[in-house]
2 protein chains.
Amino acid sequence: MPFLAEKATFVKQYFYMNAVLLNHIAKYITLEASEIDLLESALSTQKIKKKEHVLQEGQICNTMYFVIKGCFRQYIINTKGNEQTLQFAIESWWITDYLSYHNHVPSHFYIQAIENSDIIAIEKPVLESLLIEIPKLERYFRIVSQRTFGAAQMRIKFLFTMSAEERFCLFNNLNPEFVQRVPQYMLASYLDFSAEFMSKIRAGKV
Amino acid sequence: MPFLAEKATFVKQYFYMNAVLLNHIAKYITLEASEIDLLESALSTQKIKKKEHVLQEGQICNTMYFVIKGCFRQYIINTKGNEQTLQFAIESWWITDYLSYHNHVPSHFYIQAIENSDIIAIEKPVLESLLIEIPKLERYFRIVSQRTFGAAQMRIKFLFTMSAEERFCLFNNLNPEFVQRVPQYMLASYLDFSAEFMSKIRAGKV
DNA sequence: TAAAAAACTTGAACTACTTCAAGAAATACA
DNA sequence: TGTATTTCTTGAAGTAGTTCAAGTTTTTTA
């Protein structure tokens, strides 16, 4: 009885988890049932605990991560020894170091869970096989990556043209729930100002 | 005789131009002869004069541009009325506003030739047909776009962690010939500091 | 539920850059 | 080749942010 209950939970969760990715893929391409089977057989989910790293500076990044539940960040440690967050990834986002991934060079970045999270981690050889067996997936990753790059272009525009306070207000308007979800100091560094200044902005002391 | 000479030049140049793109594609995928024919029949090159725009703020960007010869920049006009360059594109680079392209929304950017240039401009419907007829091209654009995004991640790292002078020195070491090629004030804004400060850095007056 | 750890706040002193204004040099064009 | 335009330079004054250090609050963990 406990065993059966556990098994039922496991099966249900297994389908639920992959469904997040399958739904995301379905926004861009249509897969055959056989292709879905193939994909599911290659996917496995992992639980990553808060503060655990999936990539550290100096490692070669050989994996793409898809967030099913939770939140990750990509960050660096600057010359003064402070962490600076360059990117967040929440549910249905991919995160990796594309430069390290494609060029087999050591990464400049850390990728860390900032909540207890569920991810699908796809190793490069597995993904390459999948892309050969299901060529349509090339299209999915092409579109996702072009959109992500488009978002990065806008980010650079905001960083270049707005003051610290304006960047915070814009971000807060666009993602009010997310602002509650991550520590202020991580968001401050993502918006490219200090944690102390964030505190002053929020207190209206600027 | 003049006519023949002109025609010969035209034909030679036509092949030369497309060859730049075909060579770039060949770095990532292998096309059949028939696919190359198909591609060539869909491609046309354009000459764009220095200072001419291929995209203006407010327009919906419906085209991807591949630089065969010359140089382009993507820029915005900030609240003070100054131009700020967000991106350059030289030979064998693609440039477009991916967000406007994918979401059919008005662009925030200008894209302008900063030298007399030759480009291949592919309209969205043409590209979509090509991607259906030559699915391998999805892979090409997927890889190019992921690499470009990887480069953008590094750019954000440099912007976040280095001083103005350090950013200039790094850029100058990595791209010495390019620094000669563009006006200093455009490079200054690309590196996120003022034209005046660039002048002081170069004079060693910092 | 207490203790430890993580995250946030505050003000004062500082600094890396910007802005402005005007002139000089280089480049493009007729 | 000379004139107009674009680009670069310089110094002085200003400011949007940082840094530091110490205290407070919140969250986590045992």
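Each chain gets a letter, A, B and so on, in the order the sequences are listed, and its residues count up from 1.
Of the residues near DNA chain D, B:Lys51 and B:Ala203, the one whose nearest nucleotide (by heavy atom distance) lies more toward the 5' end is B:Lys51. When each of A:Arg202 and B:Lys50 is assigned the nucleotide of DNA chain C bearing its nearest heavy atom, the one mapping closer to the 5' terminus is A:Arg202.
B:Ala195 is linked by a side chain to side chain contact (heavy atoms under 4.5 Å, CB included) to B:Tyr185, counting only residues two or more places apart in sequence or in another chain. Residues satisfying the salt bridge (charged side-chain N to carboxylate O under 4.0 Å, His left out) criterion with B:Arg147, sequence neighbours excluded, are absent altogether. Partners of B:Glu165 under the side-chain hydrogen bond (donor to acceptor under 3.5 Å, both in side chains) rule, at least two apart in sequence or in another chain, do not exist in this structure. In this structure B:Ser145 satisfies the side chain to side chain contact (heavy atoms under 4.5 Å, CB included) test together with A:Ser145, A:Gln146, sequence neighbours excluded. The side chain to side chain contact (heavy atoms under 4.5 Å, CB included) search around A:Leu170 returns A:Phe158, A:Met162, A:Leu174, not counting sequence neighbours.
Using bins of under 30°, 30° to 60° and over 60° for the plane-to-plane angle, the ring pair B:Tyr98/B:His102 lands in the parallel bin. Between B:His53 and B:Tyr75, the ring planes lie tilted relative to each other; the angle falls in the 30° to 60° range.
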### Task
Check the pair B:Ile134, B:Leu31 against side chain to side chain contact (heavy atoms under 4.5 Å, CB included), reporting the backbone distance first and the verdict last.
CA-CA 9 Å; B:Ile134 313 173; B:Leu31 294 177; 3.7 Å; yes
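Helix-axis bend for the helix from C:dT1-D:dA30 to C:dA30-D:dT1: the local axis fitted to the five terminal pairs at one end deviates from that at the other end by 70°, rounded to 10°.
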Using a 3.5 Å cut-off and no angle test, enumerate the donor-acceptor pairs between side-chain atoms of residues 19-29 of chain B and protein atoms at least two apart in sequence or in another chain.
residue: B:Asn23; atom: ND2; partner: B:Ala19; partner atom: O; Å: 3.3
residue: B:His24; atom: ND1; partner: B:Tyr140; partner atom: OH; Å: 2.6

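A donor-acceptor pair is defined here as one N or O able to donate and one able to accept, closer than 3.5 Å; such a pair exists between the side chain of B:Thr96 and the backbone of B:Thr63. Side chain of B:Ser100 to backbone of B:Cys61: a donor-acceptor contact under 3.5 angstrom is found.
In this structure, A:Lys50 does not pair ionically with A:Glu115, as no charged nitrogen and carboxylate oxygen lie closer than 4.0 Å. Note on B:Arg202 versus B:Glu196: no salt bridge recorded, every NZ/NE/NH1/NH2 to OD/OE distance being 4.0 Å or above.
In the 5' to 3' direction, nucleotides of DNA chain D lying under 4.0 Å from heavy atoms of chain B begin and end at D:dT6 to D:dA12. Using a 4.0 Å cutoff to heavy atoms of chain A, the contacted part of DNA chain C runs 5' to 3' from C:dA6 to C:dA12.
Within 4.0 Å of B:Lys80, counting heavy atoms only, lie sugar-phosphate atoms of the nucleic acid but no base atom.
Within the structure, every pair that satisfies the salt bridge (Lys or Arg N to Asp or Glu O under 4.0 Å) test and touches residues 78-97 of chain B, not counting sequence neighbours, is listed here: B:Arg73-B:Glu83, B:Glu91-B:Arg181.
The stretch residues 184-198 of chain A touches DNA chain C through A:Gln184, A:Tyr185, A:Glu196, each having a heavy atom under 4.0 angstrom from the strand. Within residues 159-172 of chain B, the residues that place at least one heavy atom under 4.0 Å from DNA chain C are, in residue-number order, B:Ser163, B:Ala164.
Aromatic ring centroids of B:Phe88 and B:Tyr190 lie under 6.0 Å apart.
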